[in-house]
Amino acid sequence: MINVGVIGCGQWGPNHIRIFSHLPNSRALMCADLNAQRLKAVRETFTSIETTADYRDILNNKDIRAVCIASPTNTHFVFAKEALEHDKHVLCEKPLALTADECGELAGLAAARKRTLMVGHVFLFNAGIMKLKEYIRSGELGCIHYAHSTRTNLGPFRYDVNALWDLAPHDISIFNYLFDGCPVNVSARGQKCLGTERDDLAFGTLEYPGNTVAHLHVSWIDPKKVRQITIVGEKKMVTWDDLDDAGPIKLYDKHVEKSGAYYLTYGEFRLLSKEGGTTIPKVELNEPLRNQDQYFIDCIERNVPPELADARKGRDVVRTLVALQQSIERRGACVEL
Ligand SMILES: NC(=O)c1ccc[n+]([C@@H]2O[C@H](COP(=O)([O-])OP(=O)(O)OC[C@H]3O[C@@H](n4cnc5c(N)ncnc54)[C@H](O)[C@@H]3O)[C@@H](O)[C@H]2O)c1
């Protein structure tokens, strides 16, 4: 049984508390938040949990082996560093930190202390995203031409980071997983529609090795909640809709062929669209956050690295975010990684 302390009990932290309270091999022992109302609300739901306003009570508690960080982004680095220095295993919400150097420092510290350091890239534990990976890995889609993701809603608004840093870690972690690494260059535009200091939306283009282009649209100011990805391959195309419980994945047997004959001018082929059927594969409906938190606990117990969402993957996402942010500040200029 691994005792876990959760730092940050806002919108998201209580989900971790619920899961660590119910997993067979973990227990949520203590949680910390500066806001007394948040702690009171947690105590009303999780009656046996200890609460504190000082996160150091969690770090100094010898019964607690693992810490889950669900506080604002600008606190992640300091809390993760201190937790590792107290020899705790760490699951840190996305993004791992604000710079690639900070991520590298945390990775080095975790290695030196022989502790598990994992990032909450929860979509890597989503059955639909795993299915997309399966299609790419098996060659079912053929060579990938492009991918496009949409992650929009009206709110919730954040006051610590902009929409890019809040939402795009999900899409970048998914793209990096699907395409086995970081983009080689990116460009992006952002917009401050609501008159605050932070961009409320961003459009980003990420080029991956092999000439695969991925495009993302993240926004806090949109009429519809959308969580969708389209991937277009040379053989088949696939869509993922996280909000479609009936069948989040649709595989389209559609592609384009060149006819043997030249068209109009020499060198220009006639393009023929080929349309077969659409398959809706069975995708196991389970809670990705539960899968993620269980994986974290299992990695600690089995003393194996959390390869799916380790600090290197967290660093890759942060490097990409930094490059996208630089591009936004230069009004869409191409930034190499
Ligand atoms: N994986 C996901 O799908 C997902 C979804 C939502 C949020 N998140 C991540 O979870 C984290 C928290 O997001 P949220 O929406 O719950 O934010 P939130 O603002 O609702 O909650 C953050 C909480 O941290 C507390 N806090 C701030 N400083 C603290 C300190 N020094 N000590 C103790 N507590 C402190 C605040 O009082 C607040 O209650 C963010 O990193 C966010 O990116 C992830």
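All ligand and atom numbering here is 1-based and tracks the order in the structure. Because the structure is a prediction, the values reported are computed rather than measured.
In summary, E257 and K235 do not engage in a salt bridge, as defined by a charged side-chain N under 4.0 Å from a carboxylate O. Electrostatic pairing of K224 and D222 does not count as a salt bridge here, judged by no charged N lying under 4.0 Å from a carboxylate O. Between K250 and D244 there is a salt bridge, since a side-chain N of the basic residue sits under 4.0 Å from a carboxylate O of the acidic one.
A donor-acceptor pair shorter than 3.5 Å cannot be found between the side chains of D200 and N162. Side chains of R27 and N3: a donor on one and an acceptor on the other come within 3.5 Å. Between the side chains of H16 and E93, at least one donor-acceptor pair of N or O atoms lies under 3.5 Å.
For K131 and Y135, the positive end sits near the middle of the six-membered ring, less than 6.0 Å away and at most 45° from its axis. Both the sub-6.0 Å distance and the 45° axial angle are not jointly satisfied by R227 relative to the ring of F123. Both tests hold for K133 against Y177: distance to the six-membered ring centre under 6.0 Å, angle to the ring axis within 45°.
In terms of protein heavy-atom proximity, atom 43 (O) of ligand 1 is nearest to K94 NZ, 2.9 Å. Here the protein heavy atom with the shortest distance to atom 1 (N) of ligand 1 is E93 OE1, 3.3 Å. W12 CD2, 3.3 Å is the protein heavy atom nearest to atom 5 (C) of ligand 1. The protein atom (non-hydrogen) at minimum distance from atom 27 (C) of ligand 1 is P72 CD, 3.4 Å. When only non-hydrogen protein atoms are considered, atom 31 (N) of ligand 1 lies nearest to F79 CZ, 3.3 Å. The nearest heavy-atom contact from the protein to atom 37 (O) of ligand 1 is D33 OD1, 2.6 Å. In terms of protein heavy-atom proximity, atom 28 (N) of ligand 1 is closest to L34 CD1, 3.6 Å. G10 CA, 3.2 Å is the protein heavy atom nearest to atom 21 (O) of ligand 1.
Inclusion of S71 in the set of residues having an N or O under 3.5 Å from an N or O of ligand 1 is warranted.
Of the heavy atoms in W165, none comes closer than 4.0 Å to ligand 1. Of all the heavy atoms of H170, the ones lying under 4.0 Å from any atom of ligand 1 belong exclusively to the side chain.
For ligand 1, the atoms closer than 4.0 angstrom to any heavy atom of G8 are 24 (O). Listed by number with element, the atoms of ligand 1 under 4.0 angstrom from any heavy atom of H76 are 41 (O). Contact atoms of ligand 1 toward V122: 1 (N), 3 (O) (distance under 4.0 Å to a heavy atom of the residue). In summary, the atoms of ligand 1 found under 4.0 Å from a heavy atom of A70, numbered by their order in the structure, are 11 (C), 12 (C), 22 (C).
The heavy atom nearest to atom 19 (O) of ligand 1, out of those in Q37, R158, Q11, is found in R158.
Placement of L59 and I300 in two distinct hydrophobic clusters is found when ILVMFWY residues are connected by side-chain heavy-atom separations under 4.5 Å, directly or transitively.
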